[in-house]
Amino acid sequence: MCGNSLYGHPPSVSLISFTHLLPQGLLVGLSSNLQAWGGTRRTPMEENAVMETGDGLQAEHAVEERGGEKAKRDVQQQHMDGSNEEELNKVRLMRALVEKNDPSSKEVDDFMVRRFLRARDLDVEKASVMFLKYLKWKRTFVPNGSISASDIPNDLAQNKMFLQGLDKKGRPITVVFGGRHFHHKKGGLEEFKRFVVFALDRLCARMPAGQEKFVVIGDLEGWGYSCSDIRGYLGALSILQDYYPERLGKLLIVHVPYIFMTVWKIVYPFIDNNTKKKIMFVENKRLKSTLLEDIDENQLPEIYGGKLPLIPIQDC
């Protein structure tokens with residue numbers, strides 16, 4: 001069963017850093033002393049957080065004791081079994097940093113903090129910049145906390161995104177039909193951005209306990225130049241990479257027409273290296289067998305020889 005997202009994730013179509021939007025004091029105060037934190041030198045932002053909280057352990061207590069959050073964090077910590085000691089320490093440190101600069105960050109769980117950290121290769125300063133940028137957009141782009149179907153009528157009418165089933169790792173599966181997407185003048189790029197947020201929130205809401213990623217089948221059957229929407233593609237990519245980091249588990253692109261590769265060459269340079277590793281083009285002659293490597297037949301959509309019917313994104 002599908003449901004509403006726990007978080008409203010605001011997007012940004014910018015592919016540049018928004019460091020200049022942060023408080024001036026956040027990125028200053030270089031320290032010449034070498035400190036031990038996971039075996040690395042602390043950055044200026046890390047030094048700032050340590051000065052505020054004393055050390056890593058005190059940072060954890062300072063955050064957890066606020067607002068009766070300790071019990072909640074203890075439960076979360078039991079499920080952070082995919083993290084080593086260094087990563088857990090950096091989650092605590094990053095939380096102290098971002099909570100100091102934006103108190104609304106107290107509302108998010110450690111899993112979200114960890115996703116942003118992993119997206120920046122555990123660099124606390126870079127991850128904090130990324131996360132604070134996300135919070136600013138959340139307040140601006142999704143002021144009510146979520147996007148409703150009434151906000152995106154033109155994109156929903158194209159009937160281009162469906163949800164159904166789980167892969168062998170328990171990740172929700174979505175099917176996107178690229179041949180049904182057309183740029184429309186009425187809602188334009190802004191409505192499409194809202195549609196992407198709406199769809200990703202619905203998809204993330206279907207995550208089983210302990211799961212953080214999803215799988216996408218991008219079906220390009222019927223795709224032609226009339227479907228080409230470079231601005232839309234780049235906008236969706238930026239939303240995914242900047243505001244839903246470490247959510248994509250795998251992207252399987254199927255029924256790929258040769259002419260699509262012209263557009264792909266334009267989009268490809270904007271895809272970060274971590275995302276590139278998750279993308280796979282599937283040959284038509286090996287379509288079902290390739291999908292079955294990741295998805296059991298009883299979870300595979302009917303259109304690919306499986307058992308499950310597709311459910312439109314708006315009906316979840």
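Quick note: residue numbers are just sequence positions, from 1. Keep in mind that the numbers below use all heavy atoms, side chains included, and drop hydrogens, waters and symmetry copies.
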Quiz item: What about the rings of Phe281 and Trp264, do their centers lie closer together than 6.0 Å?
Solution: yes

Quiz item: What about Phe162 and Phe177, are their ring centers closer than 6.0 Å?
Solution: yes

Once you round to the nearest 0.5 Å, how far does [atom1] of [X] lie from [atom2] of [Y]?
X: Ile173; Y: Leu203; atom1: CD1; atom2: CG; result: 10.0 Å
X: Asp242; Y: Phe116; atom1: CG; atom2: CZ; result: 8.5 Å
X: Gln158; Y: Leu156; atom1: CD; atom2: CG; result: 9.5 Å
X: Phe182; Y: Asp155; atom1: CZ; atom2: CG; result: 12.0 Å
X: Leu93; Y: Leu122; atom1: CG; atom2: CG; result: 12.0 Å
X: Thr275; Y: Arg247; atom1: OG1; atom2: CZ; result: 14.0 Å

According to a 4.5 Å side-chain heavy-atom criterion applied to Ile, Leu, Val, Met, Phe, Trp and Tyr, with indirect links allowed, do [X] and [Y] form part of one hydrophobic cluster?
X: Trp137; Y: Val113; result: yes
X: Tyr244; Y: Val175; result: no
X: Leu291; Y: Leu248; result: no
X: Leu240; Y: Ile217; result: no
X: Leu166; Y: Tyr304; result: no

Practice problem: With side chain to side chain contact (heavy atoms under 4.5 Å, CB included) as the test, would you mind laying out the steps for Arg194 and Phe141 before giving the verdict? | Solution: CA-CA 8 Å; Arg194 291 194 297 270; Phe141 195 79; 3.6 Å; yes

Quiz item: Any side-chain heavy atom of Asp109 sitting closer than 4.5 Å to one from Met112?
Solution: yes

Quiz item: Are any of the side-chain heavy atoms of Leu117 and Phe131 separated by less than 4.5 Å?
Solution: no

Quick check against the 3.5 Å criterion: does [X] have a side-chain atom that pairs as donor or acceptor with the backbone of [Y]?
X: Glu221; Y: His255; result: no
X: Gln164; Y: Pro309; result: yes
X: Ser238; Y: Leu234; result: no
X: Asp151; Y: Ser148; result: yes
X: Arg202; Y: Cys316; result: yes
X: Asp121; Y: Asp123; result: no
X: Arg180; Y: Asn159; result: yes

Quiz item: With sequence neighbours excluded, what pairs up with Lys276 under the side chain to side chain contact (heavy atoms under 4.5 Å, CB included) test?
Solution: Tyr268, Ile271, Asn273

Quiz item: Relative to Phe195, does Lys160 satisfy both conditions: NZ or CZ under 6.0 angstrom from the six-membered ring centre, and within 45 degrees of the ring's axis?
Solution: yes

Exercise. Can you establish whether the number of heavy atoms outside Glu293 located under 6.0 Å from its atom CD is more than 12?
Key: yes

Give the minimum heavy-atom separation between [X] and [Y], together with the two atoms involved.
X: Asn298; Y: Leu308; result: O-CG, 3.4 Å
X: Phe192; Y: Gly232; result: CE2-O, 3.2 Å
X: Gly305; Y: Leu300; result: C-CD2, 4.3 Å
X: Cys227; Y: Gly179; result: SG-O, 3.5 Å
X: Ser104; Y: Arg139; result: OG-NH1, 3.4 Å
X: Asn154; Y: Lys186; result: OD1-CD, 3.9 Å

Self-check item: salt bridge (Lys or Arg N to Asp or Glu O under 4.0 Å), paired with Glu246, selected from Arg118, Arg115, Lys213
Solution: Lys213

Quiz prompt | Full working for salt bridge (Lys or Arg N to Asp or Glu O under 4.0 Å) between Glu212 and Arg114 | solution = CA-CA 11 Å; Glu212 298 182 74; Arg114 184 176 67 178; 2.6 Å; yes

Quiz prompt | Derivation of the side chain to side chain contact (heavy atoms under 4.5 Å, CB included) call for Thr262 and Tyr225 | solution = CA-CA 10 Å; Thr262 301; Tyr225 282 127; 3.7 Å; yes

Exercise. Would you check if there is a donor-acceptor pair between the side chains of His181 and Asp229 at a distance under 3.5 Å?
Key: yes

Quiz item: Is a side-chain donor-acceptor pair under 3.5 Å present for Tyr134 with Asp102?
Solution: no

Exercise. Could you go through the side chain to side chain contact (heavy atoms under 4.5 Å, CB included) check for Met280 and Ile253 one step at a time?
Key: CA-CA 6 Å; Met280 178 180 182; Ile253 306 179; over 6 Å; no

Quiz prompt | Identified side chain to side chain contact (heavy atoms under 4.5 Å, CB included) partner of Lys168 from the options Val215, Leu292, Asp296, Asp294 | solution = Asp296

Exercise. Would you check, one step at a time, whether the test side chain to side chain contact (heavy atoms under 4.5 Å, CB included) holds for Arg286 with Glu283?
Key: CA-CA 5 Å; Arg286 298 187 64 247; Glu283 297 179 59; 4.3 Å; yes

Practice problem: Decide yes or no on salt bridge (Lys or Arg N to Asp or Glu O under 4.0 Å) for Lys90 and Glu87, but give the supporting numbers first. | Solution: CA-CA 5 Å; Lys90 291 198 172 187; Glu87 191 171 63; over 6 Å; no

